[in-house]
Amino acid sequence: MNPSYTQIRARIDTAAQAAGHTVRLLAVSKTHAAAAIRDLAAQGQLAFGENRVQEALAKQHELAGLALEWHLIGPLQSNKCREAARHFDWLQSLDREKLVEPLHRFRPADAPPLNVLIQVNVDGEASKSGCAPEAVAALARAVTAFPRLRLRGLMAIPEPHPDPAHRRAAFLRMRTLHDGLRAEHPGMDTLSMGMSDDFELAIACGATMVRIGTALFGARPAPG
Ligand SMILES: *Cc1c(COP(=O)(O)O)cnc(C)c1O
């Protein structure tokens with residue numbers, strides 16, 4: 001039993017109701033043990049996000065009996081395209097065209113298409129991964145050329161700026177970008193943004209999926 005889950009779900013539902021649209025919760029289980037995932041799954045949470053392929057595969061192996069939905073949310077290297085395409089239901093971190101054809105090629109033909117979100121570098125920070133906003137339209141078109149990939153929308157990790165107005169502006173830029181692309185790609189239905197510290201603001205700005213780790217599972221050990 002994870003007592004945080006009910007509270008977080010309630011906060012999401014309240015924010016979603018105020019915003020007038022539904023919002024999915026992605027539970028970000030990176031660094032946490034398979035047992036923590038099993039606990040949440042027993043409470044009805046079936047979508048989980050991991051940022052490292054090998055770590056995710058180990059947990060999938062341990063939890064093989066459960067029908068979970070796995071999202072890869074961390075940076076993807078070319079040499080991991082095969083595993084990403086075979087073992088995940090969603091890739092939220094597509095950021096360059098070079099990965100598109102290999103993802104299609106490695107996606108098993110008998111599996112449903114891989115759901116893809118384009119990660120956008122919405123703040124233009126040099127240190128962060130993500131596609132430049134100006135390059136998103138071309139990348140979106142590249143994805144839709146391959147039938148084993150299904151373009152579902154956009155993802156962003158805005159800079160954790162102390163000024164909420166700054167974050168809000170970034171979320172709203174994402175929404176504008178997403179809405180603009182939907183004219184050409186009506187299948188885009190997912191705007192993934194908002195984490196433990198700012199998910200209510202993200203929902204108010206149009207997020208349809210929030211990715212929450214710390215507020216559900218507690219603090220992660222410092223990377224070392
Ligand atoms: C770790 C992570 C999250 C969750 O962050 P919290 O602040 O722990 O909720 C969300 N999205 C991505 C891409 C992450 O890597």
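Every number for a ligand or one of its atoms is a count from 1 in the order of the listing.
The distance from ligand 1 to the heavy atoms of R211 drops below 4.0 Å at these ligand atoms: 4 (C), 9 (O), 10 (C), 11 (N), 12 (C), 13 (C). In summary, the atoms of ligand 1 found under 4.0 Å from a heavy atom of G213, numbered by their order in the structure, are 4 (C), 6 (P), 8 (O), 9 (O).
I73 CD1, 3.6 Å is the protein heavy atom nearest to atom 12 (C) of ligand 1. Given atom 2 (C) of ligand 1, the protein heavy atom at minimum distance is K30 NZ, 2.6 Å. Scanning the protein heavy atoms around atom 6 (P) of ligand 1, the nearest turns out to be S196 OG, 3.5 Å. Atom 8 (O) of ligand 1 has T214 OG1, 2.5 Å as its closest protein atom, hydrogens excluded (heavy atom only).
Among R220, M195, Q119, the residue whose heavy atom lies nearest to atom 3 (C) of ligand 1 is M195.
Between R38 and E62 there is no salt bridge, since no side-chain N of the basic residue sits under 4.0 Å from a carboxylate O of the acidic one.
For R82, the CZ atom counts as loosely surrounded, since its 6.0 Å shell holds 12 or fewer non-hydrogen atoms of other residues, nucleotides or ligands. The environment of R148 atom CZ is dense: over 12 non-hydrogen atoms of other residues, nucleotides or ligands sit within 6.0 angstrom. For R168, the CZ atom is loosely surrounded, since the number of other residues' heavy atoms within 6.0 Å does not exceed 12.
Annotation: I212 places no N or O atom under 3.5 Å from an N or O atom of ligand 1; distance criterion only.
In this structure, the separation between CD on Q43 and OG1 on T6 is 5.5 Å, given to the nearest 0.5 Å.
Under 4.0 angstrom from ligand 1, there are no non-hydrogen atoms of Q92. When heavy-atom distances to ligand 1 are checked against a 4.0 Å cut-off, I157 comes that close only through its side chain, counted from C-beta outward.
The aromatic rings of H166 and H161 lie parallel to each other, their planes meeting at an angle below 30°, with 60° marking the opposite boundary.
Paired with D13 under the rule side chain to side chain donor-acceptor pair (under 3.5 Å), one option of R9, Q17, R11 passes, and it is R9.
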